Amino acid sequence: MKNVKWWKMEVYEIADRIDALRSDRGWSLYKLAEEAGLTQSTLINMRTRGTLPSITTLSGICNAFGITLSEFFADDRESAVLSLDEAELIAKYRKLTYKNKRAICTLIDSLE
């Protein structure tokens, strides 16, 4: 994604970003819709009809991916530098369901 502020982002760029995040996790549209509490048609309409998602819809999508809205719109250069181990853990964590993410957080909390 090119360096562009969120308010200037084109609808297709938002759809591309969602597709990239979904692809990174190996998720189908059905899986994303399920995790985000949306219908598949909502996701499909963003791509085929160029429908701009509401903040509520986009927030649900970000929650499903385990990222913030800020992270969604962040330029790649704004990302934190991670070690290979950290990047691997985050990639695996992002593929988990919400329930499993909570279980991992509980486990980590018990280790502290």
Side-chain angles (χ1 to χ4, degrees):
M1 186 172 12
K2 59 186 169 187
N3 186 13
V4 62
K5 297 296 182 196
W6 69 268
W7 61 86
K8 294 181 182 176
M9 188 176 264
E10 299 289 335
V11 173
Y12 74 88
E13 291 174 300
I14 293 172
D16 286 348
R17 177 76 169 133
I18 292 168
D19 286 346
L21 290 165
R22 189 174 55 78
S23 178
D24 287 347
R25 288 157 181 77
W27 287 6
S28 64
L29 275 175
Y30 175 80
K31 173 73 172 172
L32 174 56
E34 185 179 75
E35 291 293 323
L38 303 170
T39 63
Q40 282 183 274
S41 63
T42 298
L43 299 173
I44 291 168
N45 285 338
M46 282 188 280
R47 172 63 68 194
T48 60
R49 294 185 179 175
T51 304
L52 190 64
S54 69
I55 293 295
T56 303
T57 297
L58 196 51
S59 181
I61 291 168
C62 288
N63 286 338
F65 288 139
I67 62 173
T68 64
L69 284 167
S70 177
E71 289 170 316
F72 180 87
F73 289 109
D75 183 306
D76 290 338
R77 291 171 286 165
E78 295 172 359
S79 299
V81 177
L82 302 174
S83 71
L84 291 176
D85 288 341
E86 291 169 328
E88 181 182 359
L89 284 171
I90 290 171
K92 288 179 179 180
Y93 175 84
R94 288 180 173 169
K95 291 179 182 179
L96 298 173
T97 64
Y98 177 79
K99 182 179 176 181
N100 288 339
K101 286 177 182 177
R102 297 303 335 136
I104 292 296
C105 288
T106 300
L107 174 63
I108 291 171
D109 288 344
S110 71
L111 297 173
E112 294 181 319

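Given the structure is predicted, the values throughout are model-derived calculations rather than measurements.
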Could you go step by step and tell me if I104 and K92 meet the side chain to side chain contact (heavy atoms under 4.5 Å, CB included) rule? CA-CA 11 Å; I104 292 296; K92 288 179 179 180; over 6 Å; no

Restricting to non-hydrogen atoms, name the atom on L69 and the atom on C62 that form the minimum distance, rounded to 0.1 Å. CD2-SG, 3.8 Å

How close do S110 and L107 get, counting heavy atoms only, and between which atoms? OG-O, 2.6 Å

Just how far is it from atom CG of L29 to atom CG of L38, taken to the nearest 0.5 Å? 11.0 Å

Hey, could you give me the CG/CD1 distance between L58 and I18, rounded to the nearest 0.5 Å? 6.0 Å

Kindly determine whether L32 and L21 satisfy side chain to side chain contact (heavy atoms under 4.5 Å, CB included), including the steps that lead there. CA-CA 10 Å; L32 174 56; L21 290 165; over 6 Å; no

Which pair of heavy atoms, one from N63 and one from K101, lies closest together, and at what distance? O-NZ, 4.4 Å

Y93 reachable from L89 in the ILVMFWY side-chain graph, under 4.5 Å edges: no

Where the side chain of R102 meets the backbone of Y98, is there a donor-acceptor pair that is under 3.5 Å apart? no

How many angstroms lie between CG in L52 and OG1 in T57, if you round to the nearest 0.5 Å? 9.5 Å

Ignoring hydrogens and geometry, is there a side-chain-to-backbone donor-acceptor pair from E71 to T68 under 3.5 Å? yes

Between K95 and N100, is the side chain to side chain contact (heavy atoms under 4.5 Å, CB included) condition met? List the steps. CA-CA 10 Å; K95 291 179 182 179; N100 288 339; over 6 Å; no

Contacts satisfying salt bridge (charged side-chain N to carboxylate O under 4.0 Å, His left out) that involve residues 42-54 (not counting sequence neighbours) are D16-R47, D19-R47

Starting from the C-alpha separation in whole Å, work towards a yes-or-no answer on side chain to side chain contact (heavy atoms under 4.5 Å, CB included) for F72 and S59. CA-CA 10 Å; F72 180 87; S59 181; over 6 Å; no

Heavy atoms of W27 and L96 approach each other most closely as CZ2-O, 4.2 Å

Test salt bridge (charged side-chain N to carboxylate O under 4.0 Å, His left out) applied to R17 and E13, step by step: CA-CA 6 Å; R17 177 76 169 133; E13 291 174 300; over 6 Å; no

CD (E35) and CD1 (I61) are apart, to the nearest 0.5 Å, by 12.5 Å

Classify the side-chain pair S41/T39 by whether it contains a donor and acceptor separated by less than 3.5 Å. yes

Roughly how far, to the nearest 0.5 Å, is CZ of R22 from CG of L43? 8.0 Å

Give the minimum heavy-atom separation between A36 and G60, together with the two atoms involved. CB-O, 3.5 Å

